[in-house]
Chemist: 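A single structure is presented below for examination.
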Amino acid sequence: AQSVAQPEDQVNVAEGNPLTVKCTYSVSGNPYLFWYVQYPNRGLQFLLKYITGDNLVKGSYGFEAEFNKSQTSFHLKKPSALVSDSALYFCAVRRSSGTYKYIFGTGTRLKVLA
Amino acid sequence: NAGVTQTPKFQVLKTGQSMTLQCAQDMNHEYMSWYRQDPGMGLRLIHYSVGAGITDQGEVPNGYNVSRSTTEDFPLRLLSAAPSQTSVYFCASSYKDRAPNYGYTFGSGTRLTVV
């Protein structure tokens, strides 16, 4: 079975500081991994994905994520946080074959303090 | 604008009533799905479809029905609404074979309250 864990309900960071939002996953076979962001009263927006290749992937708005197969993690990072990055962030996983089902984590609320 | 359109945006139902949440996409995506979002529980998959005429259950299918008669439309039916179905519902779509490269496109959601 597929599963995703986001261990932190909320992450607080000061503006200008680096941020990390954690995600670990469990899936049989090779994973496809995603990050999405949700602003208040909006649908989810795609940020970035890992399919194969370089373990460090870059996405929208200056975000990046590092795939670590041995630790089954896919943490979201940004070198310098902005107040406008404050939102709800979701990690998602899909198996690379056999199903098209995406499983989402419970979400992490990021609060960037001015 | 191309995208996923959900209607209605808000709905209040009485317990036992039925209704259909509409979802339409104009991107020729094969894959469509419905999620519900509840505080502390993230997004949970209700039903999904990999093409017209093909549907399957997700994690929380009870109390919901779907059908996929066209590529564009994927309505979600609540058969007999219950307060436990109070939630925000999202429809999402993607290409099937190219899905990993494009990710999901989400609708803006339907906020449903069952009283």
Side-chain angles (χ1 to χ4, degrees), chain A residues 1-10 21 23-25 27 29-53 57 59-60 63 65 67 74 87-109, chain B residues 1 3-7 9-10 21 23 25 27 29-51 54-61 68 74 87-111:
Chain A
Q2 302 161 234
S3 66
V4 175
Q6 293 182 243
E8 302 153 317
D9 290 335
Q10 180 159 321
V21 182
C23 171
T24 59
Y25 67 90
V27 68
N30 293 321
Y32 291 152
L33 295 156
F34 303 82
W35 277 101
Y36 289 84
V37 60
Q38 185 181 32
Y39 298 101
N41 300 314
R42 302 286 296 276
L44 278 71
Q45 298 177 32
F46 171 77
L47 266 183
L48 52 79
K49 65 185 185 297
Y50 171 82
I51 305 301
T52 187
V57 294
S60 307
F63 283 94
F67 171 60
F74 190 57
L88 189 57
Y89 290 81
F90 289 95
C91 182
V93 68
R94 206 207 91 177
R95 281 169 50 190
S96 60
S97 62
T99 179
Y100 296 97
K101 290 195 292 187
Y102 292 74
I103 301 299
F104 285 80
T106 52
T108 298
R109 188 165 300 281
Chain B
N1 291 336
V4 178
T5 302
Q6 287 185 239
T7 55
K9 292 191 183 302
F10 302 95
L21 279 62
C23 175
Q25 53 90 10
M27 298 169 285
H29 285 169
E30 301 99 335
Y31 185 86
M32 297 186 74
S33 56
W34 278 100
Y35 288 86
R36 58 178 289 173
Q37 183 179 17
D38 302 291
M41 305 194 75
L43 278 80
R44 291 182 291 169
L45 182 63
I46 304 172
H47 286 285
Y48 66 100
S49 168
V50 297
I54 307 169
T55 63
D56 205 349
Q57 296 180 349
E59 305 167 83
V60 288
R68 185 94 179 269
F74 190 46
S87 187
V88 180
Y89 291 84
F90 287 101
C91 180
S93 71
S94 70
Y95 291 110
K96 188 176 72 169
D97 293 335
R98 289 175 285 162
N101 294 319
Y102 289 89
Y104 264 150
T105 299
F106 278 84
S108 56
T110 295
R111 188 174 294 274

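Lettering of chains follows the sequences in order, A, B, ..., and the numbering in each one begins at 1. In this text, all values refer to a predicted model and were calculated from it rather than measured experimentally. Computed over heavy atoms, backbone and side chain alike; hydrogens, waters and symmetry mates excluded.
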Chemist: Taking the inter-plane angle between the rings of A:Tyr36 and B:Tyr104 on a 0 to 90° scale, is it parallel (under 30°), tilted (30 to 60°) or perpendicular (over 60°)?
Modeler: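 If you compare the ring of A:Tyr36 with that of B:Tyr104, the planes turn out tilted.
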Chemist: Measuring heavy-atom distances to chain B, does A:Gln45 have an atom under 4.5 Å in its side chain, in its backbone, in both, or in neither?
Modeler: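 Contact with chain B: none, neither part.
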Chemist: Heavy-atom distance under 4.5 Å to chain B: side chain of A:Leu88, backbone, both or neither?
Modeler: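 Just its side chain gets close to chain B.
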Chemist: Counting only non-hydrogen atoms closer than 4.5 Å, does B:Glu59 touch chain A with its backbone (N, CA, C, O), its side chain (CB onward), both, or neither?
Modeler: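 It is the side chain, since no backbone atom gets that close.
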Chemist: Side chains of A:Tyr89 and A:Phe63: does their closest heavy-atom pair fall under 4.5 Å?
Modeler: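 Side chain of A:Tyr89 against side chain of A:Phe63, heavy atoms only: contact under 4.5 Å found.
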Chemist: Can you find a side-chain donor-acceptor pair between A:Tyr32 and A:Thr52 that sits under 3.5 Å?
Modeler: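 No donor-acceptor contact under 3.5 Å links the two side chains.
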Chemist: Regarding B:Tyr31 and A:Tyr102, do their side chains bring together a donor and an acceptor under 3.5 Å, going by distance alone?
Modeler: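 A:Tyr102 and B:Tyr31 do not have a side-chain donor-acceptor pair below 3.5 Å.
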Chemist: Using non-hydrogen atoms and a 4.5 Å limit, figure out which bit of B:Leu43 sits close to chain A: side chain, backbone, both or neither.
Modeler: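 For B:Leu43, the contact with chain A is made by backbone and side chain together.
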Chemist: Which atoms of B:Arg44 come close to chain A, meaning under 4.5 Å heavy atom to heavy atom: side chain ones, backbone ones, both, or neither?
Modeler: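 Answer is neither: B:Arg44 stays 4.5 Å or more from chain A.
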Chemist: Would you please classify the geometry between the B:Tyr35 ring and the B:Phe106 ring as parallel, tilted or perpendicular, with 30° and 60° separating the classes?
Modeler: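 Correct class here is tilted.
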